[in-house]
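Read the structure below first, then the notes.
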Amino acid sequence: MARILVTSALPYINGVKHLGNLVGSQLPADAYARYMRGRGFEVMFICATDEHGTPAELAAAKAGQPVAEYCAELHEVQKGLAEGFGLSFDHFGRSSSARNRDLTQHFAVRLFENGYIEPVAEQQIYSKADGRFLPDRYIEGTCPNCGYERARGDQCENCTIQLTPRELVSPRSALSGATDLEVRETRHLHLRQSLLKDDIDAWIDTKTDWPVLTTSIAKKWLHDGDGLQDRGITRDLDWGVPAQFDGAPWSGMDGKVFYVWFDAPIEYISATAEWADAHGLGEDAWQRWWRTDAGADDVTYVQFMGKDNVPFHTLSFPATLMGSGEPWKRVDYIKSFNYLNYDGGQFSTSQGRGVFMDDALELLPSDYWRWWLLSHAPESADAEFTWENLQASVNKDLADVLGNFVSRVTKFCRSKFGEAVPEGGAATPLEAALIDELAGRIRAYETQMEAMALRKAAFELRSAWVAGNEYLQEAAPWATIKTDPAQAALQVRTGLNLVRLYAVLSQPFIPDASARMMAALHCIDWSWPGDADVALAALPPGHDFAAPENLFRKITDDEVEAWRTRFAGGRG
RNA sequence: GGGCCCGUAGCUCAACUGGUUAGAGCAGAGCGCUCAUAACGCUUUGGUUGGGGGUUCGAGUCCCUCCGGGCCUACCA
């Protein structure tokens, strides 16, 4: 049977992620992975923290911690939050792992041997006061074009002109404000992706089913200006995968590390190896997911990411894999997302604007967030988070349509028949119509989930919930029971089976609620509904259950008001 | 500057390669039900598809233009 490999873009290490980050990669990847597992596929769902790079060093310095310690701590924080949101990773790794160091160095050697890496001498700005080379955007100065005094070394935010640090008037370090900057010559390794441009271009051309967002970004980079450019893949930092190591076929890279965007995607592979290590499995256990010479040919590989990550996943990472000359599995589908905005503006990590993962779990159970985020995922355009919208979705969809359905069925049964599935009655055209309706919804839901169309899948799921309420209203067992108790029993039995069906279908979106529904039904049968009529007979007469407490509470107007004020800006 | 995306009902969104009268959910109005979390069901009011021009038997969909919003532009990740 085909296997599904799912990776989520790696969340960066420098702090708790906001809901926009979550909905752009990890959460939809989780829903997809859960769905595929539910359908019976063998799934490997991989994520990790992305721990290298300048921002990590700066965040550690700000926290007054050694960078390794800082990353270890934040990794645990992010891991805990992922669990809190029910993200069902098979492994949540770290790009700073030994596995990733070894594999990153391995790829670099292979690329060098094949002529896709070369050392290049560059001039860079060194800050003596900071004791380090400064990336262009960490240099500030006055824009030579418009006179804006806080222009960055790569671009002036005021007049948008492209700059180099040496063009800035009175340049200074954005870190310390130091002005004793000097130009130093330094050598770096470059990934010669320009040599692979045509191969990548041809490969992208075969991906006609990818989102426009994905391919248009890739094509832009491939064809804009002089086409795909070579890229420096080393940096003058302490924290990262060392670029000089035993067996390196070059010299002079002492004190340098690989660029974070070189090693981060490799961590997808390394994290799978970390998974194998953690389970005491051999090399073949992870290689069958990644090496086409070790069985990965029947793997379908899907990546989830925000649109800002697309260039690295469509160009530089494929270039790394292709240039290695080794049989690595390449991505089959890239699902990319637009941005989620917060109440009329952008979520901002630096400004603390918006709702962050830790805040969210403090306010409401994860299912509430999962439902809103997934049913409003920014698939076709940027989407907007508002508290009113969250309130409306949670109260109406979860509490009223689904939660109340479970409540009315289980409590009615308890009061009239006791807490066991009642026996008797025979199906009528009413049940046949319900089955028809559900069969259509289930097939549509499958189609949308397989296409990773989360909003549409959520709509089909909700429609299936609504069908239960429509059925109950028409069947009206509270009236039937007065004249035909056996028929009322059939209607209630149908309702109880609908609860189980909803638990199975809803699990990718609201796993905790699904688990509670199944627990209340004393049921462990999570089998996917192939035929709706079979699915509605899963719980036989006599099967006992326990009517659950309300599955969802409602969000009050007072809470909405309080939260809007609290999260307007200036977090912590 | 260049490129890409978007603009559809009060709100959030649909509408396969152009094809009947532009559809849902929420909000609003009316009716019904009373098992259930004052929940549910049925009916219903809202649109000159951002403006203008063009192609076509036919345009939300294609072309031009203008307005508005967003993203990217390679050293943040």
Side-chain angles (χ1 to χ4, degrees), chain A residues 9-14 21 50 52-56 58 122 124-125 133-139 152-155 159-162 164-165 188 193 212-213 215-217 219-221 223-225 228-232 235-236 259-261 264 306-312 315-316 338-339 341 346 349-350 375-376 379-384 386 388-389 391-393 395-401 403-416 455-456 458-459 462-463 466 468-481 488 491-492 495 547 549-554:
Chain A
L10 308 186
Y12 197 64
I13 194 69
N14 67 341
N21 298 130
D50 178 12
H52 295 143
T54 309
L58 297 179
E122 296 177 22
Q124 274 202 310
I125 306 295
F133 285 95
L134 295 175
D136 290 359
R137 69 175 51 205
Y138 285 111
I139 300 160
R152 296 186 319 198
D154 56 340
Q155 184 175 39
C159 68
T160 74
I161 193 174
Q162 304 279 316
T164 67
H188 282 289
Q193 32 185 28
V212 178
L213 184 64
T215 50
S216 66
I217 291 171
K219 286 292 180 181
K220 160 77 173 167
W221 283 56
H223 300 301
D224 197 44
L228 187 60
Q229 300 298 297
D230 294 343
R231 213 181 159 106
R235 293 290 184 275
D236 292 286
Y259 176 43
V260 58
W261 264 116
K307 58 186 170 187
D308 51 333
N309 277 333
V310 168
F312 304 98
L315 306 168
S316 51
N338 287 283
Y339 291 142
N341 291 319
Q346 293 192 350
T349 302
S350 58
S375 62
H376 294 78
E379 293 178 306
S380 58
D382 289 354
E384 168 109 349
T386 65
E388 289 78 5
N389 208 310
Q391 180 190 33
S393 286
N395 291 1
K396 199 68 201 175
D397 300 345
L398 295 184
D400 291 349
V401 176
N404 183 56
F405 176 82
V406 173
S407 198
R408 64 196 296 208
V409 167
T410 55
K411 287 174 183 170
F412 180 78
C413 183
R414 181 173 62 188
S415 74
K416 303 299 180 188
R455 281 177 184 247
K456 291 181 179 178
F459 171 79
R462 190 198 127 100
S463 297
V466 168
N469 282 308
E470 290 170 350
Y471 168 75
L472 269 197
Q473 183 66 29
E474 198 160 351
W478 50 89
T480 313
I481 196 165
Q491 293 165 347
V492 169
E549 292 304 305
N550 289 344
L551 289 177
F552 305 101
R553 75 171 182 87
K554 296 198 182 186

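Below, chains carry the letters A, B, ... as their sequence lines are ordered, and counting in each starts from 1.
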Enter syn or anti for the glycosidic conformation of B:G46, syn applying to angles within 90° of 0. syn
Could you check A:N469 against A:A399 and say which one's nearest nucleotide on RNA chain B is further toward the 5' end? A:A399
Under 4.0 Å between any heavy atoms, over every strand shown, what does A:N389 touch: base, sugar-phosphate, or nothing? Just pick one. sugar-phosphate
Between A:Q193 and A:L228, the two heavy atoms sitting closest are O-CD2, 3.5 Å
Would you state whether a donor and an acceptor, one from the side chain of A:Q124 and one from the base of B:C75, lie under 3.5 Å apart? yes
Rounded distance (Å) that lies between atom P of B:A77 and atom CZ of A:R235: 7 Å
Do the side-chain N and O atoms of A:K411 and A:S407 include a donor-acceptor pair separated by under 3.5 angstrom? yes
Heavy-atom side-chain proximity of A:L398 to A:L551 below 4.5 angstrom: no
Which one, B:A36, B:A74, B:U37, comes nearest to the side chain of A:N404? B:A36
Parallel, tilted or perpendicular: which fits the ring planes of A:F312 and A:W261, with parallel below 30° and perpendicular above 60°? parallel
Distance between the P atoms of B:G32 and B:G19, in whole angstroms? 42 Å
For atom NZ of A:K554 and atom P of B:A36, their distance in whole Å: 15 Å
In the structure I gave you, are the side-chain heavy atoms of A:D308 and A:Y339 within less than 4.5 Å of one another anywhere? yes
Pick the P atom in B:C16 and in B:C63, then give their distance to the nearest Å. 16 Å
Which heavy atom of A:N469 sits nearest to which heavy atom of A:R408, and what is that distance? OD1-NH1, 2.8 Å
With C1' as the reference atom in both, quote the distance from B:C13 to B:A38 in angstrom, rounded to an integer. 29 Å
For B:C35, take OP1 and OP2 only and decide whether either is under 4.0 Å from a side-chain N or O of A:R414. no
Need one value for A:V409: base, sugar-phosphate or nothing, where a base atom within 4.0 Å counts as base even if backbone is also close, heavy atoms only. nothing
Would you kindly give the CD-to-P distance between A:E379 and B:C6, to the nearest whole Å? 14 Å
Indicate, with a heavy-atom threshold strictly under 4.0 Å, whether A:N309 touches base, sugar-phosphate, or nothing. nothing
From B:U12, B:A14, B:G41, nucleotide with atom closest to A:Q473 side chain: B:G41
Any idea which heavy atoms bring A:E379 and A:N338 closest together, and the distance? O-ND2, 3.5 Å
Rounded to whole Å, how long is the line connecting atom CZ of A:F312 with atom C1' of B:U73? 12 Å
Can you tell me how far C1' in B:C42 sits from the matching atom in B:U34, rounded to whole Å? 15 Å
When rounded to the nearest Å, what value does the distance between P atoms of B:G50 and B:U56 take? 23 Å
RNA chain B nearest-nucleotide lookup for A:R553 and A:K220: closer to the 5′ end is A:K220
Rounded distance in Å between the C1' positions of B:U61 and B:G25: 24 Å
A:Y339 side-chain N/O to B:C5 phosphate OP1/OP2 under 4.0 Å: no
Which is true for A:I481 with a 4.0 Å heavy-atom rule: it touches a base, it touches only sugar-phosphate, or it touches nothing? nothing
For the side chain of A:D50 and the backbone of A:P11, is there at least one donor-acceptor N/O pair under 3.5 Å apart? no
Can you find a pair of side-chain heavy atoms, one from A:D236 and one from A:Q124, that are under 4.5 Å apart? yes
Is there a side-chain contact between A:W478 and A:K416, using heavy atoms and a 4.5 Å cut-off? no
Using a heavy-atom cut-off of 4.0 Å across all strands, would you classify A:E474 as base, sugar-phosphate, or nothing? nothing
Ignoring the backbone of A:E122, work out which of B:C75, B:A39, B:C72 is nearest its side chain. B:C75
From C-beta outward on A:R408, which listed nucleotide comes closest to its side chain: B:A77, B:C35, B:U37? B:C35
In terms of side-chain heavy atoms of A:W478, which of B:U34, B:A39, B:A74 is nearest? B:U34
Bracket string, RNA chain B, 5' to 3' - pairs by Watson-Crick or G-U geometry under 3.5 Å, | interstrand: (((((((..((((.....[...)))).(((((.......))))).....(((((..]....))))))))))))....
Heavy atoms only, 4.0 Å cut-off, all strands: where does A:P477 land among base, sugar-phosphate and nothing? nothing
Looking at every strand, decide which applies to A:K456 at a 4.0 Å heavy-atom threshold: base, sugar-phosphate, or nothing. sugar-phosphate
In B/S/- notation (B base, S sugar-phosphate only, - none; protein heavy atoms under 4.0 Å), nucleotides 24-30 of chain B written 5' to 3' is SSS----
What is the distance from CG of A:L398 to P of B:U37, rounded to the nearest Å? 17 Å
Rounding to an integer number of angstrom, what distance separates B:G60 and B:U8 when you compare their C1' atoms? 7 Å
Name the nucleic acid region contacted by A:E470, choosing base, sugar-phosphate or nothing; use a 4.0 angstrom heavy-atom cut-off, strictly under. sugar-phosphate
Between the main-chain N or O of A:H52 and the side-chain N or O of A:Y12, is there a donor-acceptor pair closer than 3.5 Å? yes
Could you measure between the two C1' atoms, the one in B:C40 and the one in B:G52, and give it in whole Å? 48 Å
Please determine whether a side-chain nitrogen or oxygen atom of A:R455 lies at a distance below 4.0 Å from atom OP1 or OP2 of B:C13. yes
Nearest-Å distance for atom pair NZ/P, residues A:K307 and B:G70: 11 Å
Out of B:A74, B:A77, B:G41, whichever nucleotide has its closest atom nearest the side chain of A:V466: B:G41
For A:A383, report the nucleic acid contact type (base, sugar-phosphate, nothing); a contact means any heavy atom under 4.0 Å. sugar-phosphate
Decide yes or no for A:I481 and A:Q491: does some side-chain heavy atom of the first lie under 4.5 Å from some side-chain heavy atom of the second? no
Taking the side chain from A:R455 and the backbone from A:H376, do they hold a donor-acceptor pair closer than 3.5 Å? yes
Mind calculating the distance between CD (A:Q229) and P (B:A74) to the nearest angstrom? 11 Å
